[in-house]
Structures are given as structure tokens and as C-alpha cells.
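Values in this document were obtained by computation on a predicted structure and should not be read as measured data.
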Amino acid sequence: MARLDELERENAALRRALRLLHDLANLVREADEPDATAYAVLTGVTAGVGLGLNRAMLFVPSADDPNVLIGAAAVGPADRVEADRVWRAIEAERPDLETLYEVGLRRADARGALDDAVRARRVDLRAPARSPIAACMREGLEPEDDLAGLFDLPTTIAAPMRVRSELVGVLAADNAFTGVVPDATTRLVLGLVADHAGRALESARRFARVASEARTDALTGLEARRVGLELLHHMLANGRALGLVLIDLDHFKRINDTHGHPVGDAVLAAVGERVRALLSRGMRAFRYGGEELAVIVPGADVLAARAIGEQIRAAIRGLRVRARGVELAITASVGVASSLDHEGGAPALVRAADDALLHAKSRGRDRVEIG
């Protein structure tokens, strides 16, 4: 009878795991946001939805050194009381992974204490001390490891996430609150979950890279015209006051005609980098067209927009661009306007800023004018 009960528990665990693996397979095809994908996987491992582990954590290779893993995300309550309350509530609702993905989108902006603690950790796979992370790829685990304060070592399990034999992360989990040591079935299933999760995460990263390239002007590094104008329309449609700064590089055609387009491209790239460096929180910049750039300044009246425009003009004037054996001094004309002074949405605001820009050019260039 005891053996039958044990087999029933194993079968129940496998049924939950198969459901999780099925959902993860769908997530591989549909994931398009890396952070949300990570949180969906982590929550799927915990909360009784999949394996019922108390806490789950994700570590990924550092961009600077593939032998160093950095904490990327974590899901878990602060203490046993919260664990019992949260996990029971989630288990009762039995959300699918698609729902957890939506939760993940929100969790990315509302990290908890465990999340912050994990993100502050680094694991050197070459170090003598063996962490639960390193142990998932080689035998042995030492309690004096530098991550001992983060993991509940007796109940910790971890599995590598690989895509085409390349390590893309490590999925780790423990039972810090229940103290239950994961059995062989749980360890096996976590390895299968990690395999699927690795592909889902890589798929989301690939989608994010492609989306970013589509949204970004390759030459200046600023957002593309379509993205910028859509953002402008959206912000104004939602009643947000904002300033618009239009920037036009002076005598840019002469640069292209005299020195060639590669030099002109180098100028645009240098100016784009300088503008990006000047953006403060909430400001967005995009390439409006040709040698024209635009900056959206949320909440700005025309005087605040002019101050930003003057800051940008001065920064561009200080540029010295070296390319193909020549050094060029760059200046720009700037036109600014605020939605507080112009009704009619985005077209009216762009027209006002453009009129101010033309005025700046007609008055000698290298100056800021108000529209």
C-alpha cells in the first residue's frame, strides 16, 4: 500500500511536470520579452504549478566573460508564512504559463527582496569553491560556498540551460521554507524544464534583438522615425504636455559633397551618440529624417524645451569629428515648441518646431529659436 501511495505521488508530480513542459514548449514559440519569459518559467517551477518548489532563481552568462554567471531573476516569498499564503492561493487558481507570462511582465517592474539579492550575485565557474550553480555541471557541493547565504543548500537543485550545446543560463531552486529535499523525479524534471526554458529564453532574446533593430536607426543609434512619431502621437493623445526639439545639422550637404558619404555618416553617428548622452529620464530621441533629429521632452513648456535645445546645440558645437583623414567642426540649428502653446496634436507641434528651425537657419544657423 505504501508503495502504491508513493507511485501515485510520483505520477501526480509527473503529470504536473508534463503540463509545465507542454506550456514551456508553447512559450518557446511565443515568447517575445526576455524578462517576462524568465519570470514565467521561474513561477512555473514554483507555486505548485509545476514542481512546487519554494523558490526559483535564474543565472545567465556575463556578456564580458562566459565563465562568470550573473543573477538575472528570482521568484520566492520573504518567509514561510508568506510562502504558505502565496503558494496556496496560486495553487488554488492553477494559472497556466500564459497567465504567468503576463504576471512576469508586471513583475519585471516590481522586483522583490530575493530578486534583488540574486541580481547582486556573481558566480565564477572557475573558482575553487563550488556553488549549487557550479555543482549542476560538476560533482560536489561545499557548504562554505559564497552563495551559502542565498541558497538553502540541503534542498537546492540546479540544472544548466543549453541551446545547441551552448550554456545560456542555469535554473536553480530550493525548498527553503518546507525543508523538503527534492527527490530523483523532481531533479529529473527540473533538467527537462531547464532544457525547454533555455530555448524559450533564447527565443525571447532573439525576438527582442530583432525588434530593437527595427525600432532603432542603425546610423545614429536613436529611435527610428516611425517609432518616434508614433510615440509623439500616443503621448499627446493621452493628454501629456511635452516639448519637441528639432535639430538640423548645419551645411550637412556640403560635408557629403566635399568629403563623401562615409564622412557624413561618421558625423551623424557622432552627433547621435552625443544626443543620447544628454537624454535625461523620460526624454526620447529619434532620427526625424536625413540630418534632422528630434527629442521629445515630457512635461516641458517652451522655455524648458528651449533650455534642452540650447544644451544640445552647445554639445554639438563642441564636437570634433575625425574621419578619413579630415577633422570637422559641427554646428546645428534648433527649433523648439511645446504642446502647451499649440493645439492640434502631433502635426501642429511638429509644424511649430519646424517653423522655428527654419527661422534659426535663416538667422545665421547655430542657434535655437522658439515656435
Side-chain angles (χ1 to χ4, degrees), residues 33-35 63 108-109 208-250 252 264-321 328-342 345-346 349-350 352-354 356-357 360 365-371:
E33 213 291 328
D35 276 352
D109 295 322
R209 283 195 296 269
V210 172
S212 176
E213 290 169 1
R215 293 177 57 87
T216 304
D217 176 67
L219 194 56
T220 63
L222 305 178
E223 292 182 281
R225 173 189 172 93
R226 175 185 58 82
V227 175
L229 290 178
E230 285 179 359
L231 179 65
L232 191 66
H233 279 282
H234 176 74
M235 293 175 73
L236 289 171
N238 282 286
R240 295 188 64 180
L242 53 86
L244 180 64
V245 179
L246 287 185
I247 306 142
D248 186 274
L249 303 186
D250 295 330
F252 187 75
D265 289 349
V267 169
L268 280 170
V271 170
E273 183 178 1
R274 183 60 59 93
V275 170
R276 290 200 309 275
L278 293 172
L279 299 179
S280 58
R281 186 173 180 82
M283 293 169 57
R284 303 283 286 272
F286 60 97
R287 187 177 180 185
Y288 185 63
E291 69 273 22
E292 286 188 300
L293 313 177
V295 177
I296 300 172
V297 188
D301 61 18
V302 73
L303 295 180
R306 182 173 68 177
I308 296 296
E310 182 57 42
Q311 185 181 15
I312 292 171
R313 183 205 64 78
I316 293 174
R317 198 176 199 282
L319 270 178
R320 294 294 182 272
V321 179
L328 300 173
I330 311 300
T331 63
S333 300
V334 180
V336 304
S338 170
S339 62
L340 295 173
D341 303 317
H342 300 279
L349 184 60
V350 170
D354 194 47
L357 175 58
R365 295 184 169 85
D366 189 24
R367 59 186 299 119
V368 179
E369 293 291 340
I370 292 175

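- Interatomic distance, CD1 of I308 versus CG of L278, reported as 8.5 Å (0.5 Å rounding).
- Here CG of L231 is found 8.0 Å from CZ of F286. Values are rounded to the nearest 0.5 Å.
- For the pair F252 and V267, the minimum side-chain heavy-atom distance is below 4.5 Å.
- With rounding to the nearest 0.5 angstrom, the CG atom of D248 is 5.0 Å from the CG atom of L357.
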Distance-only donor-acceptor hits, side chain of residues 330-339, under 3.5 Å, sequence neighbours excluded:
from	atom 1	to	atom 2	distance (Å)
T331	OG1	D250	OD2	2.7
S333	OG	D250	OD1	2.7
S333	OG	D366	N	3.4
S338	OG	A300	O	2.9
S338	OG	L340	N	3.1
S339	OG	L242	N	3.0
S339	OG	L242	O	3.3

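- Shown here for A329 and R320, the closest heavy-atom pair between the two residues is CB-NH1, 3.8 Å.
- Contacts classified as salt bridge (Lys or Arg N to Asp or Glu O under 4.0 Å) and involving residues 289-301 (residues at least two apart or in different chains) are not found.
- More than 12 heavy atoms of other residues, nucleotides or ligands sit less than 6.0 Å from atom NE2 of H233.
- For the residue pair L246 and A294, the shortest heavy atom distance occurs at CD2-CB, 3.6 Å.
- Put simply, the side chain of H342 never gets that close to the backbone of A353: no donor and acceptor are under 3.5 Å apart.
- For the pair I247/I316, a side-chain contact is recorded, criterion being any heavy-atom separation below 4.5 Å from C-beta on.
- The CD1 atom of I296 sits 8.0 Å away from the CG atom of L236 when rounded to the nearest 0.5 Å.
- Here D265 pairs with L219 under the side-chain contact (heavy atoms from CB on, under 4.5 Å) rule; sequence neighbours left out.
- A salt bridge links E310 to R313: one of the charged nitrogens lies within less than 4.0 Å of a carboxylate oxygen.
- V275 approaches A285 most closely through the heavy-atom pair CG1-CB, 4.1 Å.
- Among all heavy-atom pairs drawn from A270 and V321, the shortest one is CB-CG2, 3.8 Å.
- The one candidate from T220, D217, T216 that meets the side chain to side chain donor-acceptor pair (under 3.5 Å) condition with R287 is D217.
- A heavy-atom distance below 4.5 Å is not found between the side chains of R274 and V271.
- In this structure, R276 places its CZ atom where more than 12 heavy-atom neighbours from other residues, nucleotides or ligands lie under 6.0 Å away.
- The distance from the CG atom of L268 to the CD atom of E273 is 13.0 Å, given to the nearest 0.5 Å.
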